[in-house]
Amino acid sequence: MSESQRIIAIVDDDELVRRALCRLVQSLSLKPVAYASGELFLKELEQSSPSCVLLDFHMPNMNGLDVLHELSARRARLAVIVITGADEEGVRESCMRAGASGFLNKPLSRDTLSSAIEALRGDQRPAKAPRSQ
């Protein structure tokens with residue numbers, strides 16, 4: 001596996017969540033690169049060359065859907081897994097239509113994240129996590 005295939009971008013405005021996701025990604029022997037906003041991620045996208053993006057949906061200024069639309073406008077071919085702590089009606093469908101490769105609910109388990117990333121490596125869409133009760 002090349003170095004760029006090992007880089008996972010984590011885009012989340014919550015510092016504690018970013019740290020936890022970084023630890024989770026490292027536990028999978030992958031290299032996390034964290035961003036506190038969608039704007040910062042997009043600004044540094046060409047330098048980081050991630051193979052996959054874990055993208056929080058609920059962020060100030062530019063939310064996950066905005067980032068997906070910008071990636072599409074740039075014709076960036078990235079596997080993006082949208083993550084959210086509040087799975088609101090219609091959000092999952094909007095993200096998938098906008099080009100997300102997957103949609104997962106927080107908190108993420110190691111197994112759930114590992115399965116989602118592996119599915120993307122196999123060029124398959126990861127299974128959608130069940131809706132929160």
Of the non-hydrogen atoms in R18 and A34, which two are nearest, and what is the gap between them? CD-CB, 4.0 Å
Hey, does L54 have a side-chain heavy atom less than 4.5 Å from the side chain of L113? yes
Check H69 against A98 and note the closest heavy-atom contact, atom names and distance. CE1-CB, 4.0 Å
Nearest 0.5 Å, please: how far is OG in S115 from CG in L104? 9.5 Å
Flag if over 12 foreign heavy atoms under 6.0 Å of CD, E46: no
Using side-chain heavy atoms (C-beta onward) and a distance below 4.5 Å, is S37 in contact with L42? no
Could you tell me which non-hydrogen atom of C52 sits nearest to which non-hydrogen atom of I117, and how far apart they are? SG-CG1, 4.5 Å
May I have the list of side-chain donor-acceptor pairs in residues 7-16 shorter than 3.5 Å, sequence neighbours left out?
from : atom 1 : to   : atom 2 : distance (Å)
D12  : OD1    : D14  : N      : 2.9
D12  : OD2    : K106 : NZ     : 2.8
D14  : OD1    : L16  : N      : 2.9
D14  : OD1    : V17  : N      : 3.2
E15  : OE2    : R19  : NE     : 3.4
E15  : OE2    : R19  : NH2    : 2.5

L55 side chain near F41 side chain, heavy-atom distance below 4.5 Å: no
Nearest heavy-atom approach of A79 to S101 is CA-OG, 3.5 Å
Rounded to the nearest 0.5 Å, how far apart are NZ of K43 and OG of S48? 13.0 Å
Strictly below 4.0 Å, N to O, side chains only: are E93 and R97 in salt-bridge contact? no
Indicate the atoms forming the closest heavy-atom contact of P50 with L45, along with that distance. CD-CD1, 3.9 Å
Output yes when a side-chain donor or acceptor of T112 lies under 3.5 Å from a complementary backbone atom of L108, and no otherwise. no
Report yes if some heavy atom in the side chain of V91 is under 4.5 Å from a heavy atom in the side chain of V82; otherwise report no. no
Donor-acceptor contact below 3.5 Å, side chain S72 vs main chain L68: no
Do the side chains of L21 and I83 get nearer than 4.5 Å, heavy atoms only? yes
Closest approach of I81 and A116, non-hydrogen atoms and distance? CD1-CB, 3.8 Å
Listed by chain and number, what are the side chain to side chain contact (heavy atoms under 4.5 Å, CB included) partners of T84, not counting sequence neighbours? F57, H58, A86, D87, F103, N105
Interatomic distance, CD@E44 vs OG@S49, rounded to 0.5 Å, equals 12.0 Å
Please check this pair: side chain of S27 against backbone of L24, looking for a donor-acceptor N/O pair closer than 3.5 Å. yes
